[in-house]
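Data first, discussion second: the structure below is written as structure tokens.
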Number of protein chains: 2
Amino acid sequence: GGVVETLFFPDAKLPCRNMKKPGGCRRKNCEYAHEPTSLTRFLDYLGSATRTLDICVFTITNDDISDVVLNLHQKGVKVRIITDNDQSSTQGSDIAKFRAAGIPVRQDHSPAHMHHKFAIIDGRLLLNGSFNWTRQAVTGNNENVTVLSDLALIQAFQAQFNKLWSMFNT
Amino acid sequence: GGVVETLFFPDAKLPCRNMKKPGGCRRKNCEYAHEPTSLTRFLDYLGSATRTLDICVFTITNDDISDVVLNLHQKGVKVRIITDNDQSSTQGSDIAKFRAAGIPVRQDHSPAHMHHKFAIIDGRLLLNGSFNWTRQAVTGNNENVTVLSDLALIQAFQAQFNKLWSMFNT
Ligand SMILES: [Zn+2]
Ligand SMILES: [Zn+2]
């Protein structure tokens, strides 16, 4: 009850983007993953959002992840993002892309870190753990993301999200 | 079922160490916390270990936490620690203290990070989240630690711990 599963990283390979195309990947000796990985399962959970997606993550620089978030926004899912200012200016941060697309983003401008790494999907699933949304965290680091459906837990994280959303500026 | 509670940080104050003494704290205008905080509750969970404590945490530099770990070791609890090599050499790391006390410590010596922040208490409780065991994470950062009792989840994290323990060296 309440715990759906845990995804552990690192993945051996990044997912092959050709797998999204009709007919899949036809490259010989393609070095990317054609089977499910922890990242593809993570992306499947994110992509299952139909109404709301509240993201509260220290660093977001992984394009596979930001593509899913941008796609959800374009489909009408209400996305909100809280992140840390020290990270949003680092090379490859996807924050500028989110803002350009019209997704509201708020940041912790204090010297301390907004160090959470959680997301709430439709108020029905919580993703939480050590996993920053970066490429290094996928294929380099030892990381975890636990997928939880416990409603009291989700309410506690939603209250925390709402508190930080009110506290932080754009 | 399976979720005990979530501790959110930052705490407004570090806990007053005089509260452990008979009679408590008698300092006038003491600037430390005399009431329970997220950290004191975290320490209470850690301190409840009676048989085993498996720690898998990126950075450990908080003396309030390491004092509890050292005390458990001295009382005969079997403590094992996995951490990241990049962090164990930083100023204030408590790894040298753990080793000097005889606690087995293993490290990820790769350029990637052993980025987990979890602990398993007696095989019955899992502490997991964004929280590194540092002073900044207690009174500065926005952080979470979720306390979980789901047995399947604990088994998944125990298997991950055992895998990393075999993979890493002292
Ligand atoms: Zn391919
Ligand atoms: Zn005091």
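Order of the sequence lines fixes the chain letters, A, B, ..., with proteins taken first and strands second; residue numbering starts at 1 for each chain. Heavy-atom basis, side chains included; hydrogens, waters and symmetry copies ignored.
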First locate atom CG of B:L148, then atom CG of A:L153, and finally report the distance between them rounded to the nearest 0.5 Å.
7.0 Å
Is chain A contacted by the side chain of B:Q136, its backbone, both, or neither, given a heavy-atom distance below 4.5 Å?
side chain
Does any non-hydrogen side-chain atom of B:T6 lie less than 4.5 Å from one of A:Q160?
no
Hey, is CZ on A:R80 packed in by over 12 heavy atoms from elsewhere, all under 6.0 Å?
yes
Do you know which two heavy atoms are closest between A:N141 and B:H113, and how far apart they sit?
OD1-N, 2.8 Å
Are B:L151 and A:F8 linked, directly or through intermediate hydrophobic residues, by side-chain heavy-atom contacts shorter than 4.5 Å (ILVMFWY only)?
no
With sequence neighbours left out, the residues meeting side-chain contact (heavy atoms from CB on, under 4.5 Å) with B:P15 are B:L39, B:T40, B:D64
Among A:P10, A:S110, A:G129, which residue forms the greatest number of heavy-atom pairs with chain B at distances under 4.5 Å?
A:G129
Could you go step by step and tell me if A:F168 and B:N142 meet the side chain to side chain contact (heavy atoms under 4.5 Å, CB included) rule?
CA-CA 12 Å; A:F168 296 152; B:N142 297 108; 3.6 Å; yes
Atom of A:G140, atom of B:A112 and distance for their closest heavy-atom approach
O-CB, 3.2 Å
Answer with yes or no whether the hydrophobic clustering places B:I65 together with B:M19; edges join I, L, V, M, F, W, Y residues whose side-chain heavy atoms lie under 4.5 Å apart.
no
Side chain, backbone, both or neither of A:F157 within contact of chain B (heavy atoms, under 4.5 Å)
both
Considering non-hydrogen atoms only, spot the tightest contact between B:K117 and A:S130 and give its length.
CD-CB, 3.8 Å
At a heavy-atom separation under 4.5 Å, does B:T146 approach chain A through its side chain, its backbone, both, or neither?
side chain
